[in-house]
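Naming convention: chains lettered A, B, ... in sequence-line order (proteins, then strands); numbering from 1 in each chain. None of the values given here were measured: they were computed from a predicted structure. Heavy atoms only: backbone and side chains are in, while hydrogens, waters and symmetry mates are out.
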Number of protein chains: 2
Amino acid sequence: MRIGELARRAGVSVRSLRYYEEQGLLESERSSSGQRHYPEAAVDRVILLQRLYAGGLSSRTIGEVLPCVDRPSADTSEAAFEMMVGERDRLSAHIEDLLRTRDMLDDLIATNRRHNATLEAGSTG
Amino acid sequence: MRIGELARRAGVSVRSLRYYEEQGLLESERSSSGQRHYPEAAVDRVILLQRLYAGGLSSRTIGEVLPCVDRPSADTSEAAFEMMVGERDRLSAHIEDLLRTRDMLDDLIATNRRHNATLEAGSTG
DNA sequence: CTTGCCTCTGACGTCAGTGTCAGGTTCTAG
DNA sequence: CTAGAACCTGACACTGACGTCAGAGGCAAG
């Protein structure tokens with residue numbers, strides 16, 4: 001398929017797909033006229049990339065862990081595997097941090113609800 | 001206290017504190033010479049700001065929800081309260097997304113471990 | 001007064017993924 | 001052949017919370 005269809009099916013912009021390729025994260029075959037063509041599997045590939053981006057991994061980092069995705073084997077650079085584990089841990093820590101922030105927001109919300117309820121009860125109407 | 005001490009105690013840079021003030025998120029009294037002075041409470045204030053930033057709220061958004069923090073009452077703009085609830089929900093969605101990403105990473109890690117174990121078992125040494 | 005650290009304002013630099021425009025080529029439908 | 005959609009490369013714009021530098025003034029200690 002061509003880049004437009006891939007973009008639609010993966011839910012990203014054409015611009016992003018070109019960027020991913022530029023970063024070495026996504027391959028494409030070129031037709032004689034220079035247009036990019038992708039196999040079906042590219043859709044899942046892009047979705048995978050999106051998910052890694054969503055996890056806060058940078059293009060560089062994604063590039064370094066991709067070997068573990070493409071060729072999960074012992075000869076896959078151990079550094080890539082360590083990197084992946086490190087990113088998982090970083091992500092876990094980040095999630096913990098976000099949970100704390102959410103708890104704080106919940107507290108604030110509860111406090112505000114109480115104040116509202118109190119005042120409404122006091123001045124009925 | 002002056003800005004340097006506040007920065008140290010809150011664990012942020014002096015630059016950040018000036019930025020927060022510029023964004024209307026942090027007040028300071030000025031000495032006759034123009035230097036900023038802060039009360040003890042400023043430490044917690046800054047930590048609160050950091051936590052909201054950590055939750056992905058922008059300076060603008062933080063500024064809009066702060067009334068709920070400073071004056072939790074029914075006359076606090078209802079918009080501010082709605083904003084806060086909206087941010088909590090956004091944060092929840094974000095956390096869910098990160099959890100999915102972490103699950104994916106865990107799967108990848110498990111897959112790689114299996115491959116490594118298999119190969120090591122095959123070629124003992 | 002001097003040394004040295006702290007603070008001031010102002011302004012430009014950074015990062016990173018993506019939007020967007022420009023100018024040109026290619027493909028598809030009629 | 002032609003109109004128009006899709007594609008190409010290249011490059012600048014943007015966002016946002018800072019880093020960092022410049023040039024100048026403030027303040028405690030000797």
Side-chain angles (χ1 to χ4, degrees), chain A residues 1-39 42-43 45-66 87 90-91 94 97-98 101, chain B residues 1-39 42-43 45-66 87 90-91 94 97-98 101:
Chain A
M1 77 194 83
R2 289 190 298 171
I3 198 170
E5 184 181 347
L6 176 57
R8 274 194 308 279
R9 290 177 57 184
V12 306
S13 69
V14 166
R15 176 70 176 87
S16 294
L17 295 181
R18 295 202 189 103
Y19 179 73
Y20 299 163
E21 180 170 323
E22 186 182 316
Q23 299 298 308
L25 309 179
L26 179 65
E27 293 180 1
S28 68
E29 301 232 319
R30 298 302 187 101
S31 69
S32 56
S33 64
Q35 296 203 344
R36 294 172 177 83
H37 287 268
Y38 304 90
V43 177
R45 171 65 151 211
V46 173
I47 290 172
L48 172 83
L49 292 179
Q50 284 286 109
R51 186 136 294 286
L52 290 174
Y53 274 121
L57 281 71
S58 67
S59 294
R60 167 192 259 279
T61 303
I62 293 175
E64 292 182 31
V65 307
L66 274 184
E87 286 302 311
R90 184 194 55 72
L91 188 49
H94 188 204
D97 196 48
L98 292 184
T101 302
Chain B
M1 76 194 81
R2 289 191 297 172
I3 198 169
E5 185 180 347
L6 176 57
R8 273 193 308 279
R9 291 177 56 183
V12 305
S13 70
V14 167
R15 176 69 176 89
S16 293
L17 295 180
R18 296 202 188 102
Y19 178 73
Y20 299 163
E21 179 170 323
E22 186 183 313
Q23 298 298 308
L25 309 179
L26 179 66
E27 293 180 2
S28 69
E29 302 232 317
R30 298 301 188 103
S31 68
S32 56
S33 64
Q35 296 202 340
R36 293 172 177 83
H37 287 268
Y38 303 90
V43 177
R45 172 63 152 209
V46 173
I47 289 172
L48 172 83
L49 292 179
Q50 284 285 108
R51 187 136 294 286
L52 291 174
Y53 276 118
L57 281 71
S58 67
S59 293
R60 168 193 257 278
T61 303
I62 293 175
E64 292 182 30
V65 307
L66 274 183
E87 287 302 311
R90 185 193 56 72
L91 188 50
H94 188 202
D97 197 47
L98 291 185
T101 301

Determine whether more than 12 heavy atoms belonging to other residues, nucleotides or ligands lie under 6.0 Å from atom CD of B/E27.
no

Please identify each residue that fulfils side chain to side chain donor-acceptor pair (under 3.5 Å) with A/R36, with sequence neighbours left out.
A/E21

Identify the two heavy atoms, one from A/L57 and one from A/R90, that lie closest to each other, and give their separation to 0.1 Å.
CD1-NH2, 3.6 Å

Nearest-Å distance, CD (B/E5) to C1' (D/dC27)?
15 Å

Is there a side chain to side chain contact (heavy atoms under 4.5 Å, CB included) between A/E87 and A/L52? Walk through the geometry before answering.
CA-CA 10 Å; A/E87 286 302 311; A/L52 290 174; over 6 Å; no

Length of the line joining B/Y53:OH and D/dT15:C1', which is rounded to integer Å
14 Å

Atom of A/R45, atom of A/L25 and distance for their closest heavy-atom approach:
NE-O, 3.2 Å

Can you check whether A/R30 has a side-chain N or O nearer than 4.0 Å to OP1 or OP2 of D/dT9?
yes

For B/L6 and C/dT7, give me the distance from atom CG to atom P, rounded to whole Å.
10 Å

May I ask you to list the residues of residues 54-65 of chain B, by number, that have any heavy atom positioned under 4.0 Å from an atom of DNA chain C?
none

Tell me, for nucleotides 22-30 of chain C in 5' to 3' order, what letter each nucleotide earns: B for a base near a protein heavy atom under 4.0 Å, S for only sugar-phosphate near one, - for neither?
----SS---

Rounded to whole angstroms, how far apart are CD on A/E29 and C1' on D/dC7?
17 Å

Considering residues at least two apart in sequence or located in another chain, which fulfil the side chain to side chain donor-acceptor pair (under 3.5 Å) criterion with A/R8?
none

Which heavy atom of A/V46 sits nearest a heavy atom of A/A10, and at what distance?
CG1-CB, 3.5 Å

Indicate the atoms forming the closest heavy-atom contact of A/S13 with A/A7, along with that distance.
C-CB, 4.1 Å

B/R36 CZ to D/dG25 P, straight-line distance once rounded to whole Å
18 Å

Is there a side chain to side chain contact (heavy atoms under 4.5 Å, CB included) between B/S59 and B/Y20 once you walk through the steps?
CA-CA 8 Å; B/S59 293; B/Y20 299 163; 5.9 Å; no

If you count every heavy atom of other residues, nucleotides or ligands that lies below 6.0 Å from B/R60 atom CZ, does the total exceed 12?
no

Compare every heavy atom of B/T101 with every heavy atom of A/A54, then report the nearest pair and how far apart it is.
CB-OG1, 4.3 Å

With a 4.0 Å heavy-atom cut-off, tell me which residues in residues 18-26 of chain A come close to DNA chain C, sorted by residue number.
A/Y19, A/Y20

For A/L17 and D/dT9, give me the distance from atom CG to atom P, rounded to whole Å.
13 Å

Rounded to 10°, tell me the angle between the two end axes of the helix from C/dC1-D/dG30 to C/dG30-D/dC1, each built from five pairs.
10°

List the steps and the verdict of side chain to side chain contact (heavy atoms under 4.5 Å, CB included) for B/L66 and B/L48.
CA-CA 10 Å; B/L66 274 183; B/L48 172 83; 4.3 Å; yes

Quick test of your reading of the model: are B/R2 and B/E5 salt-bridged, counting only N-O distances below 4.0 Å?
no

Verify the contact: side-chain N or O of A/S16 to OP1 or OP2 of C/dT18, cut-off strictly under 4.0 Å; return yes or no.
yes

Distance, rounded to the nearest Å, where A/L52 contributes CG and C/dA16 contributes C1':
16 Å

Whole Å only: how far is the CD1 atom of B/I3 from the P atom of C/dC5?
19 Å

Less than 4.0 angstrom from a charged side-chain N to a carboxylate O is my criterion; do B/E22 and B/R18 meet it?
no

